[in-house]
Amino acid sequence: MTLELDDLRVRSLGECRYDSPFAEMLATKRTSPHYVHEDDRVLVDDTVSILLSRGVSIDELPSLETAGPRRKIYFDPAATNVGIVTCGGLCPGLNDVIRGIVQELTEHYHVAHIYGFRNGYAGLTRRHRERVVELDLHAVRDINNDGGTILGSSRGDQDPEDMVDTLVELGIHVLFVIGGDGSMRGAMKLTKEIDARGLDIAVVGVPKTIDNDLPFTDQSFGFQTAFAQATEFIASVFVESQAAENGVGIVKLMGRHSGFIACYAALSNNDADFVLIPEVPFVLDGPNGVLRRVEDHVRRHGQVVVVVAEGAGQDLLEQEGRTTDASGNTKLGDIGLFLKQKITDHLTAVDLPPTVRYLDPSYAIRSVAANAYDSVYCVRLAHAAVHAGMAGRTETVVVRWRRRFVHVPMELITSHRNQVDPDGDLWMSVLEATGQPATFGA
């Protein structure tokens with residue numbers, strides 16, 4: 001994707017005329033290795049060769065607006081009503097983001113009201129308006145200790161006109177949307193309807209995906225917690241496979257389009273012998289296929305551990321009759337159970353009857369509370385989102401890029417998926433750690 005500077009400019013509702021509660025604190029700050037001034041920008045590219053290939057002056061290079069507090073803000077805090085909604089699948093850290101937003105809005109901006117919409121975008125529709133809850137410090141005090149989201153979540157489209165009617169009825173000035181790419185597309189539909197009515201409402205996103213597959217961000221919140229949990233399941237099947245004759249451990253992890261959880265979890269404890277991800281096709285049969293490689297490993301070591309992302313090897317499974325979920329995603333075939341059967345059949349046929357231990361912890365790794373790292377990350381994203389909303393930024397998300405917190409237009413965060421690069425250093429590390437071949441050929 002070729003980016004120009006104009007593609008990266010975020011929308012603003014207008015001139016910021018109110019003094020920020022952080023104005024005095026920011027008065028003497030300048031760009032440094034640890035802070036970016038609000039008038040400065042963060043470069044998208046980080047290598048000399050890419051920068052030179054652009055062939056433009058420094059001020060024309062693709063760059064992102066820095067996130068953080070402003071000296072002037074767009075909304076008068078005392079007259080501002082705010083809404084928060086969580087959408088899509090669960091992810092560690094959702095409650096941390098909610099708590100961070102409420103604390104920042106309450107303790108520093110002293111906004112008029114903060115409303116939580118229940119069960120995703122459905123909570124903004126007419127039939128669920130009575131379920132809106134008002135959020136304060138007491139309501140969010142300890143929620144960071146729990147997984148899930150106190151607001152509930154849901155998938156699927158809702159009528160933008162109906163949802164905007166709710167925002168108008170409650171007098172919402174800023175809506176914070178915490179969700180994945182589908183949620184951000186829904187947020188863009190909201191802003192389109194808001195614009196059509198000429199309303200002064202900002203919509204700011206905190207992007208979420210347990211698969212770490214959203215672009216223009218170093219890492220999605222909750223991802224570190226997720227792969228740490230996944231690591232424990234890999235360790236378990238490793239122990240089980242060692243204790244059995246011809247032991248086979250198989251762990252299926254989340255990763256519909258991207259194998260980041262599988263890669264990081266496998267690297268974390270180095271117990272995996274084979275890692276299969278959607279980005280790297282493989283074949284089962286033949287002298288260099290997965291089955292023969294698994295057989296060779298069992299003969300040499302007496303056991304084997306296979307980690308597979310849920311979206312891997314879908315071309316090997318039956319394609320007919322597949323349906324979609326509420327988010328419009330094609331429902332996947334079960335590659336884990338498929339591999340379990342194929343490996344069992346193959347090893348039995350070559351006189352290595354296996355003892356197979358199969359684990360599918362998909363939901364177990366996304367429903368836990370965030371670990372310490374992700375908790376900090378979530379709070380900082382929450383602060384950045386509040387600053388963006390109060391400054392009148394709209395149709396934008398807050399992310400960390402090159403370890404700087406920045407604003408990215410929603411359209412870009414939904415433009416493509418972040419994936420493991422088969423030619424990149426992450427996959428190279430997986431190959432080095434497991435010793436598996438770069439490809440599984442026929």
Side-chain angles (χ1 to χ4, degrees), residues 10-32 34-42 64-85 93 95-117 133-144 167 170-178 199-206 221 375-400 404-408:
V10 299
R11 288 181 54 199
S12 176
L13 292 178
E15 181 185 357
C16 293
R17 297 179 289 108
Y18 295 96
D19 287 333
S20 163
F22 296 91
E24 185 176 345
M25 184 188 303
L26 298 173
T28 59
K29 283 189 175 291
R30 298 290 182 270
T31 294
S32 74
H34 309 290
Y35 173 79
V36 183
H37 191 273
E38 63 182 273
D39 295 330
D40 206 344
R41 295 180 68 87
V42 175
L64 299 161
E65 180 180 70
T66 181
R70 263 59 185 165
R71 289 164 294 180
K72 292 283 188 179
I73 55 179
Y74 182 78
F75 291 106
D76 175 8
T80 298
N81 296 326
V82 172
I84 304 173
V85 63
N95 279 334
D96 297 75
V97 177
I98 295 169
R99 181 171 178 261
I101 290 174
V102 172
Q103 287 180 324
E104 186 74 4
L105 288 168
T106 303
E107 295 180 342
H108 294 289
Y109 285 96
H110 307 294
V111 299
H113 298 282
I114 307 171
Y115 298 104
F117 296 101
V133 296
E134 189 150 4
L135 299 173
D136 56 20
L137 293 180
H138 177 75
V140 302
R141 183 175 57 190
D142 298 317
I143 64 173
N144 56 304
L167 298 180
L170 290 173
I172 299 295
H173 300 93
V174 183
L175 177 67
F176 295 103
V177 178
I178 310 167
L199 300 173
D200 223 20
I201 301 174
V203 180
V204 176
V206 182
F221 76 79
S375 290
V376 173
Y377 189 21
C378 287
V379 168
R380 298 191 69 189
L381 285 170
H383 292 171
V386 169
H387 298 317
M390 294 304 295
R393 300 302 189 269
T394 190
E395 205 171 359
T396 187
V397 300
V398 292
V399 299
R400 190 181 63 187
R404 308 280 200 176
F405 287 89
V406 297
H407 300 153
V408 173

Under the ring pair (Phe, Tyr, Trp, His ring centres under 6.0 Å) test, which residues partner His113, sequence neighbours left out? Tyr115

Report yes or no: does Thr66 contribute a side-chain atom to a donor-acceptor pair with the main-chain N or O of His37 at less than 3.5 Å?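 Not confirmed, Thr66 side chain does not pair with His37 backbone.
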
Are the side chain of Arg41 and the backbone of Asp39 linked by a donor-acceptor contact shorter than 3.5 Å? no

Do [X] and [Y] have side chains that get closer than 4.5 Å, going by heavy atoms?
{"X": "Ile178", "Y": "Val85", "value": "no"}
{"X": "Phe176", "Y": "Val386", "value": "yes"}
{"X": "Ile73", "Y": "Phe22", "value": "no"}
{"X": "Val111", "Y": "Asn81", "value": "no"}
{"X": "Val206", "Y": "Phe221", "value": "yes"}
{"X": "Met390", "Y": "Tyr74", "value": "no"}
{"X": "Val42", "Y": "Val36", "value": "yes"}
{"X": "Pro69", "Y": "His387", "value": "yes"}

If you measure from [atom1] on [X] to [atom2] on [Y], what distance do you get to the nearest 0.5 Å?
{"X": "Leu64", "Y": "Phe405", "atom1": "CG", "atom2": "CZ", "answer": "13.5 Å"}
{"X": "Ser12", "Y": "His407", "atom1": "OG", "atom2": "NE2", "answer": "10.5 Å"}
{"X": "His173", "Y": "Leu199", "atom1": "NE2", "atom2": "CG", "answer": "10.5 Å"}

Partners of Glu38 by salt bridge (charged side-chain N to carboxylate O under 4.0 Å, His left out), sequence neighbours excluded? Arg71

Please determine if Arg393 and Glu65 form a salt bridge, counting it only when a charged side-chain N lies under 4.0 Å from a carboxylate O.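 A salt bridge is present here (some side-chain N lies under 4.0 Å from a carboxylate O).
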
